[in-house]
Amino acid sequence: MMSSPQAAIEYVMTHQTHYLQKLIEFLRIPSVGTSPAHRADMERAAQWLASFMEYIGLHSVQLISTDLHPVVYGAWGPEDPETPTLLVYGHYDVQPADPEEQWHTPPFEPTIQDGKIYARGASDDKGQLLAHLIAAEAYLRTSGKLPINLKFFIEGQEECGSTGLEDIIQQHRALLTCDAVAISDDGFWDATTPKITIGTRGLVYFEVDIRGPRHDLHSGTYGGAVHNPLQVAAEMIAQLHDAQGRVAIPGFYEHVQPLSAEERYELERIPFDEERFLHEEIGAPALWLGELGYSLRERITARPTLEIHGIRGGFVAEGQKTVIPAEATIKLSMRLVPDQDPLEIAHLFEEHIRRIAPPTVRVSVRLLSHAYPALIDRHAPAIQAAVEAYHLGFGTRPVFLRTGGTLPVVADFMRILQVPVVMMGFGLPDDNLHAPNEKLSLAQFFGGIRTAIHFMECLAQQLSSL
Ligand SMILES: [Zn+2]
């Protein structure tokens, strides 16, 4: 007799055309969340998902309203406390398609060519989230039940920065109770190697205002008497890093978790072409050495950083004007890593600025936004279940990597629901996310469905044996 995952996979393989049709239907809806002109399309996409959830036999299907586009929720399972529960997160909103003239096929008329489906949202994130829904359907059609309890939480504001999502998760904590969260919203490390993202960086973003004289002054009359706010800005910026490339804010590194020997060793084994990175991606004459004692990949993903984004003030138009500006503004941010607390770092930064600000100016600091970093234990049973599922679904074991970017939703799920988040993507690095000609390879789509089927089974085994 066939095992349940095998039967489900057989079912998917004999119904490939049907599932492709479903994907095409979903991709046809131009659910551009950032555009008011697509409001009705956003509603259609949410309704389409809700009906698909009902059609495959989920219960409690509902639209959870937010300030803008609703979250679509659906669940399967009796919530037997003995059976582990997985929450799948995804998003049905897509990036705008422009510049549309650069698409080889219309962005909202899904087109299959050379084993790939081209459409906006194919990889980010409709194809990937659908893989989990189809896995559930095939399992239910063949076995009548799932090996785990399953919940879907599909939002519509990811491309708008998931504003307000933290509050929604907080308010619906009881509904969202689970043992692990799965997110399939990124891709493989390379064409054949899956990747599990185990870390994201946090963020604090500031605006610093420096005010000197009451109004702009003439340098011929006042030069030599006034501490120019732009010069103060430069002097203060120069005190934000030390000679070793470290962030010079006292206490900044106090709660940074050191990189484990295991993680450093594994990172070194994953090939990384620094020459290509410098010449093709960056194009600067040379790389900055950054924080001494850390490899390039450690610096861009696992260590905290501080960047200046802009300095505003004075005269920058054509020609010349001998002005001493009355004020200057600096915009800067820091990427944070566990266990740095963004609000504590904000406080340390303000103290540091107060300490280094000269008495010749008035300085004010404004925190514009903050997000928490996250790090998932690679030995967590849910992560091990994903490793196993990739092995069964794609025949390859994944590598573990952190991203240098910030995904607030990951930290929100971890902090509010107190569970690990498994970031297991099925896309490929050349899927053209947020760019013209976005695509998803059909092999990745069906491999993703197989992996999602095995993941449920592996998760049931891993978590029940605890
Ligand atoms: Zn996405």
Side-chain angles (χ1 to χ4, degrees), residues 23 26-35 38 41-42 45-46 48-49 66 68-73 87-98 107-108 110 116-134 152-166 168-169 181-189 194-201 203 371 374 376 386 401-414 421-441 444-445 447-449 451-452:
L23 175 60
F26 194 22
L27 288 173
R28 242 185 220 135
I29 308 171
S31 46
V32 181
T34 49
S35 156
H38 286 285
D41 296 318
M42 287 300 292
W48 187 93
L49 262 181
T66 72
L68 197 55
H69 309 300
V71 172
V72 187
Y73 176 89
L87 177 79
V88 174
Y89 161 90
H91 64 93
Y92 63 87
D93 58 327
V94 301
Q95 279 278 312
D98 54 281
F108 297 107
K116 296 164 197 142
I117 186 160
Y118 289 86
R120 170 58 85 226
S123 184
D124 181 16
D125 180 41
K126 287 175 172 172
Q128 299 206 45
L129 78 88
L130 211 54
H132 287 277
L133 280 162
I134 292 170
F152 285 93
F153 181 88
I154 313 295
E155 71 152 320
Q157 275 161 226
E158 200 269 348
E159 307 294 4
C160 313
S162 300
T163 34
L165 199 72
E166 184 184 353
I168 300 283
I169 298 171
V181 172
I183 302 181
S184 296
D185 194 18
D186 63 356
F188 273 33
W189 164 243
K195 157 190 92 190
I196 295 178
T197 303
I198 53 162
T200 62
R201 289 198 284 192
L203 184 82
I376 297 106
L401 280 172
R402 302 197 200 191
T403 168
T406 301
L407 291 163
V409 66
V410 174
D412 291 344
F413 278 131
M414 287 183 70
V421 174
V422 187
M423 284 175 267
M424 48 189 306
F426 307 129
L428 290 178
D430 64 352
D431 277 351
N432 296 323
L433 309 183
H434 298 203
N437 304 306
E438 180 177 348
K439 58 94 176 152
L440 179 65
S441 136
Q444 293 300 114
F445 178 58
I449 297 172
T451 304

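Read the numbers this way: they start at 1 and go in the same order the structure lists the ligands and their atoms.
For N432, the side chain to side chain contact (heavy atoms under 4.5 Å, CB included) test picks out A435, N437, with sequence neighbours left out.
The heavy-atom pair separating C160 from T34 by the smallest distance is SG-CG2, 3.7 Å.
Under the 30°/60° scheme for interplanar angles, the aromatic rings of F153 and F413 are found to stand perpendicular. Aromatic ring pairs are classed by plane angle as parallel below 30°, tilted from 30° to 60° and perpendicular above 60°; the pair F108 and H38 is tilted.
Sorted by chain and number, the protein atoms of type N, O or S within less than 2.8 Å of the Zn ion (ligand 1) are H91 NE2, D124 OD1, D185 OD1, D185 OD2.
Remark: the backbone N or O of P96 is paired with a side-chain donor or acceptor of R120 at under 3.5 angstrom.
A side chain to side chain donor-acceptor pair (under 3.5 Å) with S123 is found for exactly one of D185, D431, D186, D430, namely D431.
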